[in-house]
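The structure appears right after this line, and notes come after that.
Both backbone and side-chain heavy atoms feed into the values below; hydrogens, waters and symmetry mates do not. Just follow the structure's listing: the first ligand is 1, and inside any ligand the first atom is 1.
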Amino acid sequence: MTTEEEAPAVSSAGAPARLAARTRNLRKVYGKTVAVDHVDLDVPVGAVLGMLGPNGSGKTTTIRMLLGLVLPTAGTVELLGHRMPDGAGWALPEVGALVEGPGFHPFLSGRDNLLRVAAAEPRLASKDIPRAVGQALERVGLSAAANRRYRGYSLGMKQRLGLASALLIPRRFVVLDEPTNGLDPAGTREVRAVVADLHASGTTVLVSSHLLAEVEATCTHVAVLHQGSVVAQGELAELLEAGDAGVLVSTPDVAVAVDALRDNRIPAREAPGGVRVDLAATTAPEVVATLVGAGVAVHEVRRQRTGLEELFARLTESAEQGPRLSEVDTFEEARDDARR
Ligand SMILES: Nc1ncnc2c1ncn2[C@@H]1O[C@H](COP(=O)(O)OP(=O)(O)OP(=O)(O)O)[C@@H](O)[C@H]1O
């Protein structure tokens, strides 16, 4: 019989050990809908990776394929070094997951539902179950409502229970699909704290969200999905820095300034506080010279951190208008392309 020590890992031939999950050329087609297309996703060990994308961009489908809940139409998935879905028996005990629509029993209380989940958890000894359940409920702020029927739970309470089931025992990898969906601001803060705790304890986390601020606040890495494809991925700080190529010009002559810059093929637009100028194809001195040459009064020129929000909008817009950014593997390449 195969023992746990002999688990067939693909690390040597496949995913480097520094990746908790890796997909290559991943594709899922439902009828005529291409839900996920050519997704090459790398989740580094120890990262909190935010999978960011608008509704319908393929986040849930990608997560379901990662966990072996849905079979890919094409491509490969490696989870903790094991090829999925064949390696599910090895990988999944190390993975806690909150995915859409966890199958809780409507007539059982939150606590009883969790006790059932815990009883099916091979790594939890029977004697440890009540304590583990109590701690998980406490951690997600559900202790007070633990004995109420699941049927009467609000969406936020259901989300909390799903999160609790992902946290029953320590895991190497935790996957959370839209964990703040339906939560109030306090609940959102609690989820952030849970993610921060997991990160501090060395757990790799993959969290999906369509909320940019959420990802910016909690993640070390980001993968941006758009229409089923990854349009950018990498370290959050790098992505933010890459989006930093812009200045804000303070001027009373906003409309004249925008026209003058655009006449000189410099991308510019009105923004709160003045005119926002994209420096991808120009420099700040050139911007100032152009404006002064056009008789525009320039009061101040400030470098502007773009923020993930602007980056996200820019990337998804360029994916729509395109050369397809999804055809590059990393944001580095996308950025280089943009500079050419
Ligand atoms: N079981 C299914 N049958 C048919 N189409 C599906 C199925 N699951 C997903 N899709 C389609 O695939 C696309 C991607 O959906 P998916 O749920 O993965 O996106 P998402 O980014 O998670 O969206 P949301 O943020 O709304 O949950 C959508 O067009 C969706 O309608």
Review point. Quick one: are E190 and V140 in side-chain contact, heavy atoms under 4.5 Å?
Key: no

Check your understanding: Touching ligand 1 at all, G56? Heavy atoms, strictly under 4.0 Å?
Key -> yes

Practice item. Looking only at protein heavy atoms, identify the closest one to atom 7 (C) of ligand 1 and say how far it is in Å. Key: Y30 CE1, 3.3 Å

Exercise for review: Assess whether atom CD of E270 is packed by more than 12 heavy atoms of other residues, nucleotides or ligands within 6.0 Å.
Suggested key: no

Review point. What protein heavy atom is closest to atom 17 (O) of ligand 1, reported as residue, atom name and distance in Å?
Key: T60 CB, 3.7 Å

Practice item. Output yes when the distance from some N or O of ligand 1 to some N or O of K59 is under 3.5 Å, and no in every other case. Key: yes

Check your understanding: Are any of the side-chain nitrogens in R171 or E121 under 4.0 Å away from the carboxylate oxygens of its partner?
Key -> yes

Point to revise | L225 and T62: CA distance, side-chain angles, deciding distance, side chain to side chain contact (heavy atoms under 4.5 Å, CB included) verdict | key: CA-CA 10 Å; L225 260 78; T62 302; 4.0 Å; yes

Check your understanding: Which atoms of ligand 1 are found less than 4.0 Å from any heavy atom of S57?
Key -> 19 (O), 20 (P), 21 (O)

Point to revise | Carboxylate-amine/guanidinium proximity below 4.0 Å for E78 and R24 | key: no

Exercise for review: Decide yes or no for V117 and F104: does some side-chain heavy atom of the first lie under 4.5 Å from some side-chain heavy atom of the second?
Suggested key: yes

Study note, to complete from the structure: Among non-hydrogen protein atoms, atom 27 (O) of ligand 1 lies closest to E100 OE2, 3.3 Å

**Study point:** Contact (N/O only, under 3.5 Å) between G58 and ligand 1
**Key:** yes

Review point. Mind checking whether M51 and L41 have side chains closer than 4.5 Å, heavy atoms only?
Key: yes

Practice item. Could you find the nearest protein heavy atom to atom 30 (C) of ligand 1 and give me its residue, atom name and distance? Key: T33 CG2, 4.8 Å

Review point. Would L167 end up clustered with L115 when hydrophobic side chains under 4.5 Å apart are linked, directly or stepwise?
Key: yes

Exercise for review: Please indicate whether any nitrogen or oxygen in T61 is less than 3.5 Å from any nitrogen or oxygen in ligand 1.
Suggested key: yes

Exercise for review: Indicate whether atom 14 (C) of ligand 1 is within a distance of less than 4.0 angstrom of some protein heavy atom.
Suggested key: yes

Exercise for review: Could you establish whether K28 and ligand 1 come within less than 4.0 Å of each other, counting only heavy atoms on the residue side?
Suggested key: no

Check your understanding: Looking at atom 12 (O) of ligand 1, what's its closest protein heavy atom, distance included?
Key -> A35 CB, 3.1 Å

**Study point:** Atom indices of ligand 1 within 4.0 angstrom of E178 heavy atoms, with elements
**Key:** 25 (O)

Practice item. Specify side chain, backbone, both or neither for N55, according to which of its non-hydrogen atoms lie closer than 4.0 Å to ligand 1. Key: both

**Study point:** Structural part of P54 in contact with ligand 1, heavy atom criterion under 4.0 angstrom
**Key:** backbone

Check your understanding: Below 4.0 angstrom, N of the basic side chain to O of the carboxylate: do R131 and E138 qualify?
Key -> no

Exercise for review: For the pair E178 and S208, evaluate side chain to side chain contact (heavy atoms under 4.5 Å, CB included) and give the outcome as yes or no after the intermediate values.
Suggested key: CA-CA 5 Å; E178 300 266 2; S208 80; 3.6 Å; yes

Practice item. For ligand 1, indicate whether the residue H210 contacts it via side chain, backbone, both or neither (heavy-atom separation under 4.0 Å). Key: neither

